[in-house]
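Order of the sequence lines fixes the chain letters, A, B, ..., with proteins taken first and strands second; residue numbering starts at 1 for each chain. Side chains are part of it too, since the values below use all heavy atoms of this structure and drop only hydrogens, waters and symmetry mates.
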Amino acid sequence: MPELPEVETIVRRYRPDLEGRRIVGFASYCPQQVRPGVASFRRAIVGQTITRLTRRAKYILAHLDRGGLLLHLGMSGRLEWSDAVGFDGRHVRAAWELDNGRRLVFCDPRKFGRIRYVRDLKDFGTALGPEPLESDFSVTVLGRLLGRHRRQLKPLLLDQSVIAGLGNIYADEVLFRARLHPTTRSDQLTGREVRRLHQAIRQVLRQAIAYQGTSFDWAYAGGRMQTRLQVYGRAGRPCPRCRTPIARIRVAQRSTHLCPQCQPADGRAPAS
DNA sequence: TGAATTGTTATCGT
DNA sequence: AACGATAACAATTC
């Protein structure tokens, strides 16, 4: 399930092959994933050159001469070249033909992904929270975001309008490394805890990018971060810090992994 | 068969 | 009213 590090990895991988290329054709095999309709989408993008490939939150942004193309991978979306060895043609939902004859394919078994054209990329992203790896994402900024709400930490971290890019895996990893319980109220953190949370967010995301993301199953391949996860998917196994078995609970309808010893519910973390 | 996943939207409660 | 929590929904695999 691509979160910020996986999307960043994909953008870096495809950037050299896409920047400067002109789109000469587009096909959709799942029209409900394309906005606006397929016809106007195709009309808007065909003939345009991809000037830059960037990321915002979990979106891939293909900047065009006029406007831009947004791709959200949902939970099972991926990009492939149709001429790649071992290319799996199942679940192809859309394809772009490029001026060098190659065909970029969007595969998405669960169809949660979205493809959009916007006339101006500047209008996009205004409803999204700050990028946690940007230099302006300071401890002060995080403190203000936390204090503005009285919500449980985990759903707050997953809320893309508060902070952009975290998903279920990295939210759990962040809270473990910050030694904070997922249901702690966001407005009740001490200054020290805000600092720990800030550091954990940036460390986890940077490390995950360095490892090219997490590969659990067919949804995303090539990453190695799954070997570095400390709590996610590790229920019942010993905590890397204190050997207490990792617990799995449900918070805001999401499965949540934590160490009951290192992340106590009363918010008082033990001395490090 | 139920659980798992994201983001959006609707609905309920305080 | 505004905010937060909750549920439903889209679709598929294991």
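- Ion pairing between A:R55 and A:E131 holds under the 4.0 Å rule for side-chain N and carboxylate O.
- Look at A:D83 and A:R103 and you find no salt bridge, because none of the NZ, NE, NH1 or NH2 atoms lies under 4.0 Å from a carboxylate O.
- For the pair A:I115 CD1 and C:dA10 C1', the interatomic distance rounds to 15 Å; values are reported in whole Å.
- The nearest whole Å value for the distance from the NZ atom in A:K111 to the P atom in C:dA11 is 6 Å.
- Using a 3.5 Å distance cut-off with no hydrogens or angles, the side chains of A:Y117 and A:R35 do not pair a donor with an acceptor.
- The nearest whole Å value for the distance from the CZ atom in A:R114 to the P atom in C:dA10 is 11 Å.
- Considering only side-chain N and O atoms, A:Q32 lies under 4.0 angstrom from the phosphate OP1 or OP2 of C:dA11.
- Counting only distance, with no hydrogens or angles, the side chain of A:E6 and the backbone of A:G213 share no donor-acceptor pair below 3.5 Å.
- The aromatic rings of A:F26 and A:W96 sit tilted relative to each other, their planes meeting at an angle between 30° and 60°.
- Under the stacking definition used here (centres under 5.5 Å, planes under 30°), the residue A:F112 qualifies as stacked on the base of C:dA10.
- Rounding to whole angstrom units, CZ of residue A:R56 and P of B:dG7 are separated by 13 Å.
- For B:dG7, the OP1/OP2 oxygens have a side-chain nitrogen or oxygen of A:H72 closer than 4.0 Å.
- Taking atom CG of A:D88 as the reference point, atom P of C:dT13 lies 11 Å away to the nearest angstrom.
- As judged by a 4.0 angstrom heavy-atom cut-off over every strand, A:Y170 is placed among residues making no nucleic acid contact.
- Between A:R254 and B:dT6 there is a side-chain N or O to OP1 or OP2 distance below 4.0 Å.
- Remark: P of B:dG7 and CG of A:L158 are 8 Å apart, rounded to the nearest angstrom.
- A:N168 comes within 4.0 angstrom of the backbone, heavy atoms only, and of no base.
- A donor atom on one side chain and an acceptor atom on the other are not found under 3.5 Å apart for A:T227 and A:Y211.
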Taking N or O atoms only and anything under 3.5 Å, show me the protein contacts with nucleotides 2-9 of chain C, one pair per line.
residue	atom	partner	partner atom	Å
C:dG4	OP1	A:H149	ND1	3.3
C:dG4	OP1	A:R150	N	3.3
C:dG4	OP2	A:H149	ND1	3.3
C:dA5	OP2	A:R151	NE	3.3
C:dA7	OP2	A:Q253	OE1	3.1
C:dA7	OP2	A:Q253	NE2	3.3

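- Aromatic ring orientation, A:H72 versus A:Y59: perpendicular (interplanar angle above 60°, classes split at 30° and 60°).
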